2 protein chains.
Amino acid sequence: MKKPPRGESKRGPRPRQLVTLRDIAREAGVSASTVSRIINGTVKVSEERKASVEAAIAKHDFRPHAAARGLALGRTLTIGVLSQAIDSPFYAEGLRGVERRLLAAGYAALFMSGNWNVADEERCMRKFIDHGVDGIIMFSGCLPNAAIKDFAQRCPIVVTGRHLPAPQTYSLPIKDRLGATLAMRHLIGLGHRRIAFIAGSENHPDALERLAGYREALQEARISFEPPLVAHGDWQERGGLIATTQLLESGRAFTAVFCVNDQTAYGAYLALFRAGLKVPEDVSVVGFDDLPSSSYSLPPLTSVRQSVRVLGERAAEAILALVCGRRPQAESPPVELVVRDSTRRL
Amino acid sequence: MKKPPRGESKRGPRPRQLVTLRDIAREAGVSASTVSRIINGTVKVSEERKASVEAAIAKHDFRPHAAARGLALGRTLTIGVLSQAIDSPFYAEGLRGVERRLLAAGYAALFMSGNWNVADEERCMRKFIDHGVDGIIMFSGCLPNAAIKDFAQRCPIVVTGRHLPAPQTYSLPIKDRLGATLAMRHLIGLGHRRIAFIAGSENHPDALERLAGYREALQEARISFEPPLVAHGDWQERGGLIATTQLLESGRAFTAVFCVNDQTAYGAYLALFRAGLKVPEDVSVVGFDDLPSSSYSLPPLTSVRQSVRVLGERAAEAILALVCGRRPQAESPPVELVVRDSTRRL
DNA sequence: CAGTCTTGTGAAACCGGTTGCAGAACTCAT
DNA sequence: ATGAGTTCTGCAACCGGTTTCACAAGACTG
């Protein structure tokens, strides 16, 4: 019962740096310190030495060893980014924003997926710590706040989609409720009264807030809330398809569907299509997130837009600030409704 | 004109490890070597010491410092993964596969996007090297083979979508031509003769191969190749929309469109929709890649499937093998045609 | 021209792990 | 009781950078 070493069981020989800083120093006839100073520009060095060192560096195409530098500096220039699934178009947008902004600052991103699952999220977080990331960005996961605070003692954390006041931590809330009311007011303004809602998974905070927005808007318009008009999906096409199909089979009348996110709306589209119903002639549909592909759905989807890409950029800015010991100033991006062709006046 | 240091201009104080291996050793009354050996299970250690060391580790929730370990071991347990855009559903699928397989082996993935652009790809590769990755996976980029061979001298590389025989390198070709002929034979078998092709960007090797497959299938069926039936897109929805629109406006008759990838097909869908044409009644459409969302397009899209996710898994297996000094044995996944509702018999 | 102030440089310590080597302790056979 | 063989453990060196500190050389001041 020997515990296998980390990683793969078989390993090759221990790899070495082909050319080290001291090799360069020897070749240029200076000390290692001088080479280090030239590379980092930390202290002024005489022109002639600088030239000969730079020549030696170029000649051997020398690149400092990352781990060694990381050890000495206490930094890895790496940020861990936790999303729920790297292949979800929603998170992909966010990751893109993060990547852009981090790259510009010289940082690289370690992406991992939590799979909407506390255990996986926790595992990812530990892995980030083990990899020595300088900071972590969490896209709204299901990890309890207490756990996050715990991790935050080891490295700064930026979390989107929730409010979490704690040291070494910064939150970028998502305006779920406001967005949902925007969508609903649009439908109500078009004369719709019987509006179904395809919700997300039951325990997810974003899902609950969007549901709250749905109810709030109904109340505002003095339309009574009918529980049977709410069906639960899974944030993905499949869930939207199933939920909408059930809703149709239940026989409850409705003239519009508000979906908790765009992927759910795509599923709803297919369910309506199979039932021979046309969007928007027979049923109006509104999504949430305004994914890039929503401009290309048939018909192009009306959706609530709070740019996830910008959210990612802001999150990246915030984590960089935290890492450098500054106070982040990033704000959540604005929410707006993008009206396309999936909704019509009754 | 002072050169700013790497990363952000302002940095906080140099962070230190809160509790080190030697702290644990002192607390447990053993030497640092013993603690290291217990953590890695490299050598047998007496039960009593083991217990007291593990107690101390648990008490302080000690985690070894990644950079220090990386320095000593010469490994970072990190793999660089280059795709063209992290928010492209195509690459996202592949990244997902890579992530799964790497995580299982204890490795983490550093993802970066090359943006279909040689300069960016090169920059990413350098960044990977600078970050000390143990290996690199490249999803079919536009970097010339010579450049790749160059990078391969510093660390092993697995590349998909091309054939590149070189030491420290492994290729997983994509069966573009075969896939394209499958799609075309399907359309031709349904009685289509005037088949348009929406190609990708002109210089991309995958695009050229798919075009070659298109022509090959035409020739096989003794249908003459008509250059005006080929339009160029950009691998994305937008390009498919524009190209199809132009094709329609050109007045050339066609009964089917084969698109270089699914995203292009989504754009074609929208163009046809706007022109009042129905799929598949008026025009049949076939895509390539079988993205997950293609089951949910309206109508669900017939597409060539060579699972990118599996490709990613295979690539991950191959790079792990290379890193451990073994010979990779991974094969490209099989290609097949998935027939859905976007094609019909003439 | 002596004394103080800069400025550039190298030796050595340090970051926090891993590991070769040698010695201690313990087993077992003679 | 003694020697050989085995198992466990600690010392010290090492991985490859960065940085403190001391010092020498040159610039400036009175």
Side-chain angles (χ1 to χ4, degrees), chain A residues 2 5-7 11 13-53 57 60 62-77 129-132 134 154, chain B residues 2 5-7 11 13-53 57 60 62-77 129-132 134 154:
Chain A
K2 219 186 307 175
R6 320 199 152 212
R11 330 184 137 180
R14 174 182 347 185
R16 297 282 167 84
Q17 177 92 332
L18 349 78
V19 37
T20 74
L21 181 131
R22 286 177 230 268
D23 296 334
I24 298 294
R26 194 174 328 112
E27 172 144 349
V30 300
S31 76
S33 343
T34 302
V35 178
S36 171
R37 293 194 260 251
I38 289 173
I39 291 176
N40 297 296
T42 42
V43 181
K44 205 157 188 323
V45 173
S46 77
E47 281 306 324
E48 80 185 304
R49 283 166 206 261
K50 192 163 171 176
S52 75
V53 167
I57 289 179
H60 298 293
F62 166 74
R63 332 232 53 171
H65 190 283
R69 167 185 297 229
L71 177 56
L73 247 35
R75 304 236 138 127
T76 55
L77 294 184
I129 304 277
D130 286 350
H131 265 81
D134 296 337
R154 298 206 115 97
Chain B
K2 219 188 307 176
R6 319 198 151 211
R11 327 184 138 181
R14 174 182 349 183
R16 294 284 166 86
Q17 178 92 333
L18 350 77
V19 36
T20 75
L21 181 132
R22 286 175 231 267
D23 295 333
I24 299 295
R26 193 175 327 112
E27 173 144 348
V30 301
S31 76
S33 344
T34 302
V35 177
S36 170
R37 294 195 259 252
I38 289 173
I39 291 176
N40 298 296
T42 42
V43 180
K44 206 157 185 329
V45 173
S46 78
E47 281 306 322
E48 80 185 306
R49 284 167 206 259
K50 191 163 172 176
S52 75
V53 166
I57 289 180
H60 298 290
F62 166 74
R63 329 233 56 172
H65 190 284
R69 171 187 296 236
L71 176 57
L73 248 33
R75 306 234 137 130
T76 55
L77 294 183
I129 304 280
D130 286 350
H131 264 83
D134 296 337
R154 298 203 116 98

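All figures in this text were calculated on a predicted structure; none of them were measured in a lab. Throughout, protein chains are lettered first and strands after them, A, B, ... in sequence-line order, and every chain is numbered starting at 1.
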Separation of atom CD1 in B/Ile24 from atom P in C/dG16, rounded to whole Å
13 Å
Do B/His131 side-chain atoms and A/Leu77 backbone N/O form a donor-acceptor pair below 3.5 Å?
yes
State whether the side chain of A/Gln17 and the backbone N or O of A/Arg63 hold a donor-acceptor pair below 3.5 Å, judged by distance alone.
yes
Under 4.0 Å, heavy atoms only, any strand: does B/Ser36 hit a base, just the sugar-phosphate, or nothing?
base
Heavy-atom closest contact (B/Arg154 atom, A/Leu18 atom, distance):
NH2-CD1, 4.2 Å
Rounded to whole Å, the CG-P distance (A/Leu21 to D/dC15) equals 14 Å
May I ask you to test the B/Arg69-B/Ile39 pair for a side-chain heavy-atom distance under 4.5 Å?
yes
Give the rounded distance in Å between these two atoms: CD1 of A/Ile38 and C1' of C/dG8.
11 Å
In terms of side-chain heavy atoms of A/Arg16, which of C/dT18, D/dG16, C/dG16 is nearest?
D/dG16
Once you round it to whole Å, what is the distance between C1' of D/dC15 and NE2 of A/His65?
8 Å
In whole angstrom, give the distance that lies between atom CZ of B/Arg63 and atom P of C/dG17.
12 Å
Base-contact (B) and sugar-phosphate-only (S) positions in nucleotides 5-13 of chain D, heavy-atom cut-off under 4.0 Å, - elsewhere:
---SSBBB-
Whole angstroms only, please: what is the CG-P distance between A/Leu77 and D/dT18?
11 Å
B/Glu27 side chain to B/Ile57 backbone, donor-acceptor under 3.5 Å
no
Return the minimal non-hydrogen interatomic distance between A/Ala32 and A/Ala25, and the atom names on each side.
N-CB, 3.7 Å
Residue B/Leu73, side-chain atoms from C-beta onward, closest of C/dT18, C/dC15, D/dT19:
C/dT18
Report yes if a side-chain nitrogen or oxygen of A/Gln17 is closer than 4.0 Å to either non-bridging phosphate oxygen (OP1 or OP2) of D/dC15; otherwise report no.
no
Tell me the interatomic distance from A/Glu48, atom CD, to C/dT7, atom C1', rounded to whole angstroms.
15 Å
Whole angstrom value for the distance that separates C1' of D/dG16 from CG of B/Leu71:
5 Å
State, with a plain yes or no, whether a side-chain heavy atom of A/Val35 is found less than 4.5 Å away from one of A/Ile38.
no
